[in-house]
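Numbered from 1 within each chain, the chains take letters A, B, ... in sequence-line order. Note: hydrogens, waters and symmetry copies are ignored here, and every other heavy atom, side chains too, is used.
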Amino acid sequence: MKKAHPISGGKKAWNLDMRRQGSGEVQLVFGGRWCIDEDLPCAGELKSELSEDIRRLTYHSADLGAWDSGFPAFLATLQKFCVGRGIEVDQRGLPEGVRHLLTMAFAVPEQKVSGRRGGRQTLFVQVGAATIDFFRGMPAMLHFLGEITLSFGRLFTGRAQFRMGDLWLEMEEVGPRALAIVSVICFLVGLILAYLGADQLRMVGAQRFIADLVAIGMVREMGALMTGIIIAGRTGAAFAAQLGTMQVNEEIDAFKTMGISPIDFLVLPRILALMLMMPLLTLYAGFIGMLAGLLVSITIFDIGVFEYYTETLQALELKHFMVGLSKGSVYGAMVAYSGCLRGIQCGRSAEAVGEAATSAVVTGILLITISASLLTIVYYHLGI
Amino acid sequence: MEKEPHIKIHNLTMTYGDFIVQHDINCVINKGDIFVIMGGNGCGKTTLMRALVGLQRPAAGTVFYSGEDFWNGTPEEQARLKRRLGIMFQGGALWSSLTLAENVALPLHEYTGLPPGRIDEIVSFKLALVGLAGFEEFYPVELSGGMKKRAGLARAIALDPEILVIDEPSSGLDPLTARRLDDLILELRDSLGATIVVVTHELASILNIGSSSVYLDSETRTMIATGNPREALKSGEAKVRRFLTRGEA
Ligand SMILES: Nc1ncnc2c1ncn2[C@@H]1O[C@H](COP(=O)(O)OP(=O)(O)O)[C@@H](O)[C@H]1O
Ligand SMILES: [Mg+2]
C-alpha cells in the first residue's frame with residue numbers, strides 16, 4: 001500500500017520522501033540535516049507533486065537530524081499553499097519546537113492591504129506616473145503660493161502671528177553665515193571669468209577689458225545666479241528639512257489645532273529673511289568676483305590696479321546693479337518658496353525629510369533657471 | 001454626573017488613499033467621560049484622533065461637538081470648535097525653537113489678553129502640574145521622551161480646554177510617573193469638568209481611569225466593542241478581553 005517517492009536527490013545532507021497513504025492522504029518524511037546552508041528544497045517545487053485529489057497532509061520526522069529556521073520556513077510556505085487548496089495539515093509528526101514556531105508565525109493573520117505600491121514598475125509607467133504627479137502637484141503649488149500671499153497681506157495689516165525674533169534669527173542664519181561659502185565660490189567664478197576673458201581679448205589686444213567683462217558679468221548675472229544656487233543647496237534644503245522634521249514631530253499639527261497659522265509663524269519669517277538677505281549676498285558676491293578679477297589681472301596679465309579700477313568704474317552703471325539685485329531677490333524668493341513648500345508637504349517619516357530636502361533643492365534650482373531666463377528676456381526687451 | 005452627549009462620532013471612515021484604516025465608527029462620548037480608544041499597534045487610533053481634532057478629513061461620516069457638525073461646518077465654525085480642544089500628541093510635538101515656558105505660553109498669548117506676569121504664573125503652574133516645575137527655560141531637545149510628553153500635556157491644558165485629547169500619554173513613562181499622569185487626568189476631569197479622549201495601551205490606566213471606550217480591531221478594520229472597559233473585561237467580546245488581559249483570558 002505504501003508507495004515511497006523520494007524527492008531528495010543524490011548526496012544531499014537532507015532527504016525528503018513523499019508517501020501516499022490511502023486515498024487522498026500524503027505523508028512527508030523528513031530526514032537528515034535541515035539547515036539553511038544545506039541547499040534546502042523550495043516548497044514551491046513540492047506543490048506540483050501534490051496531486052489534486054489530496055485532502056490531508058501528515059508529517060513524519062523521526063529521522064530528522066539538526067534543523068534551523070530553514071525548516072519551519074519551508075513548512076510555512078507549504079502550509080500556506082495547503083490552506084489555499086483546502087488540504088488539511090496535521091502537524092503532530094513534527095518536533096515540538098517547529099510546531100511552536102509555526103504557531104507563532106501564523107498567530108497574526110497576514111494583512112490583506114489594498115492600494116499598496118508593490119514591486120518594480122516599468123520605465124514607461126514610472127515616467128507616466130512622474131508626469132501625472134507633476135501636474136497633480138501644480139494646484140498644491142499654487143495653493144501654497146496663495147497662502148503665502150494671504151500671509152503677506154496679514155503681515156502688512158499687522159495681523160500675522162509672527163515673531164520678530166524669528167525673523168532676526170533666520171536673517172542671521174541665511175545671510176552672514178553663508179558669507180564664507182559665497183566668498184569661496186564667487187571668488188573662483190570671478191577668476192574663471194577673468195581667464196576666459198583674457199584668452200579671448202588677447203586676440204584683439206584689448207586685455208584691459210577683462211575688468212569690464214568681470215564687473216558686468218559678476219554684478220549683472222553670475223553673482224545672483226551663483227548665490228541663488230548656493231542658497232538653494234544650503235538654505236532651501238535646510239528650510240525643507242526643518243519644516244519636514246516639524247511635520248514628522250507633529251509640531252505643524254500642533255499649530256493647526258491651536259488655530260495658529262504655520263504659514264505665518266514658520267514660512268513667513270523664512271521667506272522674508274531670504275528676500276531681504278539675497279540682494280545683500282548678491283552685492284557681496286559681485287564684489288568678491290571683481291576682487292578675483294583684479295588679482296588675476298595684476299598678477300598674470302600685467303594690468304595695473306588703477307587701470308583695472310577705472311575700467312571697472314566706467315563699465316558699471318546703476319542699471320547693472322538693479323538687474324543683479326532684482327534677480328537676487330527673485331532667486332531668493334524662489335528658493336525660500338520651494339524650501340518651505342517641500343517642507344510643509346513632507347510626509348510623516350524620517351525618510352520623507354530627506355526626500356523633502358532633495359526635492360527642495362531640485363525645485364529651487366529649476367525655478368531659478370526658469371526665472372533667470374524669463375528675466376533675461378524681459379530685461380533685453382526693456383533695453384536694460 | 002449628568003449624561004450629556006458631548007462628542008458624537010458618526011459613521012466615520014478613515015482612509016489613506018485606497019487603504020481603509022477604519023470604517024463605520026460610531027460612538028457617543030458624554031460630558032465628563034474619560035473615553036479610551038484601545039486597539040493593537042497600527043489599528044488606526046492616531047488616525048481616528050486626527051479626525052476628531054480636525055487634522056484629517058474623514059473619507060465618510062463626521063464628528064459632532066455638542067450637536068454641531070464639525071466636518072460639514074465652515075472654516076470659521078471649525079476654528080471656533082477647535083478652540084475648545086486641547087491636544088497632546090504622541091511625541092509631545094513641542095515647538096523645537098521655543099523653550100518649554102514659551103511653548104505653554106504661546107496659546108495663552110494668542111487667545112487671552114492676559115498680562116505677561118499672569119501668563120508666566122499660569123505657565124509655571126501648568127508645568128508644575130505635570131511634574132516639570134523648574135524646567136521653564138529648557139528647550140525640547142534637552143528633555144527625555146517622557147518629559148516631552150508631559151510638557152506637551154502642559155501645553156494642551158494651557159487654555160483649560162473643554163475637551164482634552166491625549167495620544168498615548170503613558171507609553172515610555174516609568175510606572176510612577178504614569179500613575180501620576182492618570183491621577184492628573186482624573187483631576188482635570190473633576191476640577192475642570194473636561195471630557196477626555198485618551199489613546200492608550202496601558203492596561204492599568206485603561207481600567208483605572210476609563211469610563212467608556214472603543215476597541216478598534218485591525219483585522220475587520222472597524223470597532224468591535226464600546227462601553228466601560230471594566231465591564232468589557234468581565235463580559236465583553238473575546239478579542240477585547242484578550243487585549244485587556246494581555247492574552248491570558
Ligand atoms: N501617512 C500615512 N500614509 C499611509 N498610511 C498610513 C499613514 N499613517 C498611518 N498609516 C497607516 O494607517 C494605519 C493606522 O495608523 P495609526 O493611526 O498611526 O495607528 P495607531 O493605532 O498605532 O496609532 C497603519 O496601518 C499605518 O500603516
Ligand atoms: Mg498612534
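Near-neighbour residues of residues 119-126 of chain B relative to chain A, defined by a heavy atom under 4.5 Å from a heavy atom of that chain, are none.
Checked against a 6.0 Å centroid threshold, the rings of B/Phe135 and B/Phe138 count as neighbours. Residues B/Phe64 and B/Phe70 keep their aromatic ring centres 6.0 Å or farther apart.
With a 4.5 Å cut-off on non-hydrogen atoms, B/Leu55 touches chain A through its side chain but not through its backbone. For a residue to count as touching a neighbouring chain, one of its non-hydrogen atoms must lie under 4.5 Å from one of that chain's; by this rule A/Phe265 touches chain B with the side chain only. With a 4.5 angstrom heavy-atom cutoff, B/Leu94 touches chain A only via backbone atoms. Neither the backbone nor the side chain of B/Gln78 comes within contact range of chain A, judged by heavy atoms closer than 4.5 Å.
Interface check for chain A: of the options B/His109, B/Met88, B/Arg50, the most heavy-atom pairs under 4.5 Å are formed by B/Arg50.
Every residue two or more places apart in sequence or in another chain was checked for a salt bridge (Lys or Arg N to Asp or Glu O under 4.0 Å) with A/Arg99, and none qualifies. Residues passing the salt bridge (Lys or Arg N to Asp or Glu O under 4.0 Å) test with B/Arg150: none are found, sequence neighbours excluded. Listed by chain and residue number, nothing satisfies the ring-ring contact (aromatic ring centres under 6.0 Å, His included) test with B/Phe35 (two or more places apart in sequence, or in another chain).
Looking at B/Thr200 and B/Ile166, their side chains never come closer than 4.5 Å, going by heavy atoms from C-beta outward. Side-chain atoms of B/Lys148 and B/Leu143, non-hydrogen and from C-beta on, do get closer than 4.5 Å to each other. Under the 4.5 Å side-chain criterion, counting only non-hydrogen atoms from C-beta, B/Leu98 is in contact with A/Arg163.
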